[in-house]
Amino acid sequence: MHHPFKVGFCFPKFLRRDKGESGTSHGVSVSEILAVRELDVDSGTKDDGRWQKMPQKSTEAYPYAFTVSYVERAWQHRWRCSDVTFHCLEGALCQQWVQTIREQLTALTSRPKHLLVYINPYGGKQQGERIYEQKVAPLFTLASISTHVIVTEHANHARDHLRTEAELKKYDGVVCVGGDGMFSEMVHGLVSRTQRDNGVDQNSPEEKLVPCTLRIGIIPAGSTDCICYATVGINDPVTSALHIIVGDAQAMDVCSVHHNNTFLRYSVSLLGYGFYGDVLADSERKRWMGPARYDFSGFKTFLTHHYYEGTVSFLPATDILGTPRDKTRCRAGCFICQHNGQLYSEDHQPLFLLPEYKGGWRVIRGKFLAINAASMSCACPRSPKGLSPAAHLADGTTDLILVRKCSRFNFLRHLLRHTSKYDQFDMTFVEVHRVRRFRFTPRYCQSDSELDLRENGKKLFSQICRDHPACSCSPAYSSWNCDGEILPHAAIEVGLVRIEGKILDENLLQSAQTGVKVHLPFGQRP
Ligand SMILES: CCCCCCCCCCCCC/C=C/[C@@H](O)[C@H](COP(=O)(O)O)NC(=O)CCCCC
Ligand SMILES: Nc1ncnc2c1ncn2[C@@H]1O[C@H](COP(=O)(O)OP(=O)(O)O)[C@@H](O)[C@H]1O
Ligand SMILES: [Ca+2]
């Protein structure tokens, strides 16, 4: 269908022959054209060498032709590259069309021309290189995008290369082929580089960061692929490559995680203590199992049924549009994200400036099976609606989900609801808050020696139940699962990253997107 609001081409004077139709018109929006090339009808080849068999009669009648490759929307958010070939009588007219389309494509400034690509060969089912070579590289070539490809040799290779060596000026964007861990490496590399270049200290939780100018594209080749799935709606390498080519972009919230005023990490999807921390810690030792390690460790962790004691303090986001219990979902062109989550008064003042909206910190003590902060829905193939289905990609908040100690049966009901239409928050032992900041303090302080042991990945004997050292009840600490990376510190402070130029009031925490942009918005583009 031709979209009424988009500049597009209709080809009524041409004879379309690719599907045996004659005299039909075909509308393609310029923003969704990937490439155009002239067809050498006489020799039966296109200029990229691919064959197209033409009936003799039509080549005589219509000796000139060109082919347009464009985005075709398939099922369930999937995009495909389709070709349509147009034939006509006059060579000059044909060339005019090709030239005009090329000019229109060149004028699309949001499209990348040069990309830096990092492939994690060990992510997911270890298919990253094959996926890139077979499914993605041909599309980038078709769209005349030049690439510099680096296959990583060790963990943090991409992060360190981005932080110190990469000549970022040469590129319009960086692309990672891998899972959430690889995306996290991109974010850390780019954000750190930008702050270092601008003299900003990441260790201060209150420091305003300078936004990154480069976008990050994700080609899913990991185990959970939650960041890709939650932004695009599917974890499909071809769909992601096409979104990158057409220059789609989506801003994302980024949380910074600190411990004692020391910066630990950024998080864009899940920060999970208890269940998801324990699943990750156990699954890291079973990487050889591939993505199935999460099912194995998930089941094992469910059976152990450990709970953790501590205090959660949080600053509710009282001045925003939307709640975690909304039935609406964050999609491309989301109204809430366009306004950075901000609610305005009738005279267009941001509500958080009004006294009645100045919320205070809340404190909850207890025994928790899980403490999760979802800065986006965290939808993934295991849970298509995600940990917090109504969370927004770029509203400056994170959804804090507290699952208190309950029976195994009830916890299983809660987990299973992530995979069905039922509300996982509608349970007496679960609460969810949309927050700007939060802190967690475990009931027992972690000693430095315990932290050292955890950081070095050694098994901890001291973490077994402090009250009853001889029993097998819950350990004193879990770890944090930070976008799939383990954080050994139990006590953390988390806040939405603040971006220079987006702060509305110096004295109040008004969070904003980091300026980290991923390609690929979810659903139909506006
Ligand atoms: C008994 C039925 C249990 C069903 C539970 C379903 C709930 C699944 C929610 C999953 C949320 C995932 C949030 C994303 C986390 C990723 O960042 C992280 C790393 O991903 P990757 O780098 O691609 O490997 N993945 C995980 O922590 C896996 C969690 C799986 C839990 C079963
Ligand atoms: N060449 C490499 N060898 C080993 N580990 C790597 C390599 N490149 C990246 N990594 C690390 O692999 C981890 C998992 O990567 P990811 O792409 O998220 O896959 P998965 O989704 O399977 O966890 C990340 O922590 C990343 O830092
Ligand atoms: Ca958010």
Side-chain angles (χ1 to χ4, degrees), residues 118-128 150-160 176-186 188 218-230 235 251-255 267-272 275-281 283-284 287 290-291 293-299 301-302 317 320 322 324 330 334 336-337 340-341 372-388 390-399 411-420 424 434-436 481-486 496 511 513:
Y118 295 96
I119 303 176
N120 176 359
Y122 294 106
K125 294 180 182 160
Q126 308 194 342
Q127 297 293 308
I150 296 175
V151 179
T152 60
E153 286 163 15
H154 51 84
N156 294 325
H157 179 172
R159 182 198 67 184
D160 296 342
C176 58
V177 184
D180 293 353
M182 264 314 262
F183 181 79
S184 176
E185 283 203 29
M186 302 286 120
H188 285 84
I218 320 167
I219 303 294
S223 300
T224 314
D225 294 324
C226 150
I227 297 166
C228 177
Y229 195 101
N235 56 338
M252 285 168 76
D253 289 326
V254 176
C255 285
S267 164
V268 292
S269 58
L270 166 71
L271 255 173
F275 182 71
Y276 290 102
D278 293 351
V279 170
L280 186 71
S283 68
E284 277 301 299
R287 272 212 158 261
R293 70 191 185 279
Y294 289 137
D295 301 315
F296 181 88
S297 298
F299 185 61
T301 307
F302 165 74
I320 46 144
C330 183
C334 169
I336 291 180
C337 292
N340 199 19
N372 303 321
S375 297
M376 57 169 69
S377 69
C378 293
C380 59
R382 277 187 181 78
S383 170
K385 62 181 187 174
L387 281 180
S388 189
H392 286 273
L393 286 166
D395 65 341
T397 71
T398 189
D399 287 352
F411 189 47
L412 180 64
R413 281 176 57 229
H414 168 68
L415 288 177
L416 288 176
R417 285 191 182 189
H418 290 84
T419 62
S420 72
Q424 62 260 42
R434 192 154 280 181
V435 308
R436 298 268 190 219
N481 174 339
C482 179
D483 294 353
E485 303 298 309
I486 296 170
L496 270 292
S511 62
Q513 308 102 342

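Start at 1 and go down the list; that is how both ligands and their atoms are numbered. Index from 1, following the sequence.
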Contact check: Tyr294 vs ligand 1, nitrogen or oxygen atoms, below 3.5 angstrom: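 Yes, Tyr294 has an N/O under 3.5 Å of an N/O on ligand 1.
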Report task. Report yes if some N/O of Ser383 lies less than 3.5 Å from some N/O of ligand 1; otherwise report no. Result ->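 By distance alone, the answer is no.
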What protein heavy atom sits nearest [atom], and how far off is it?
{"atom": "atom 25 (O) of ligand 2", "value": "Glu485 OE2, 3.0 Å"}
{"atom": "atom 27 (O) of ligand 2", "value": "Glu185 OE2, 2.2 Å"}
{"atom": "atom 19 (C) of ligand 1", "value": "Gly484 CA, 3.3 Å"}
{"atom": "atom 10 (C) of ligand 1", "value": "Cys380 SG, 3.9 Å"}
{"atom": "atom 5 (N) of ligand 2", "value": "Ala155 N, 3.7 Å"}
{"atom": "atom 23 (O) of ligand 1", "value": "Thr224 N, 2.8 Å"}

| request: Looking only at distances, please establish whether an N/O atom of ligand 2 is found under 3.5 Å from an N/O atom of Gly123. | output: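 In this structure, Gly123 places no N or O atom under 3.5 Å from an N or O of ligand 2.
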Can you find an N or O of Tyr122 that's nearer than 3.5 Å to an N or O of ligand 2?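 No, since none of the N or O atoms of Tyr122 sits under 3.5 Å from an N or O of ligand 2.
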Residue-ligand contact [X]/ligand 2, heavy atom below 4.0 Å:
{"X": "Arg159", "answer": "no"}
{"X": "Gly484", "answer": "no"}
{"X": "His154", "answer": "yes"}
{"X": "Gln126", "answer": "no"}

Worksheet item: Taking everything shown except Tyr122 itself, do over 12 heavy atoms lie less than 6.0 Å from its OH?
Response: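 Counting other residues, nucleotides and ligands, OH of Tyr122 stays at 12 neighbours or fewer.
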Are any N, O or S atoms from [X] nearer to the Ca ion (ligand 3) than 3.0 Å?
{"X": "Thr398", "result": "no"}
{"X": "Asp395", "result": "yes"}
{"X": "Ser375", "result": "yes"}

For ligand 2, the portion of [X] having any non-hydrogen atom under 4.0 Å away:
{"X": "Cys176", "value": "neither"}
{"X": "Arg287", "value": "side chain"}
{"X": "Asp225", "value": "neither"}

What orientation do Phe411 and Phe275 show, parallel under 30°, tilted 30 to 60°, or perpendicular over 60°?
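The rings of Phe411 and Phe275 stand perpendicular, inter-plane angle above 60°.
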Q) What part of Phe299 sits under 4.0 Å from ligand 1 if we count only heavy atoms: the side chain, the backbone, both or neither? A)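 No part of Phe299 is near ligand 1 at this cut-off.
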Which angle, to 10 degrees, forms at the Ca ion (ligand 3) with O of His392 on one side and OD2 of Asp253 on the other?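 That angle works out to 100° after rounding to 10°.
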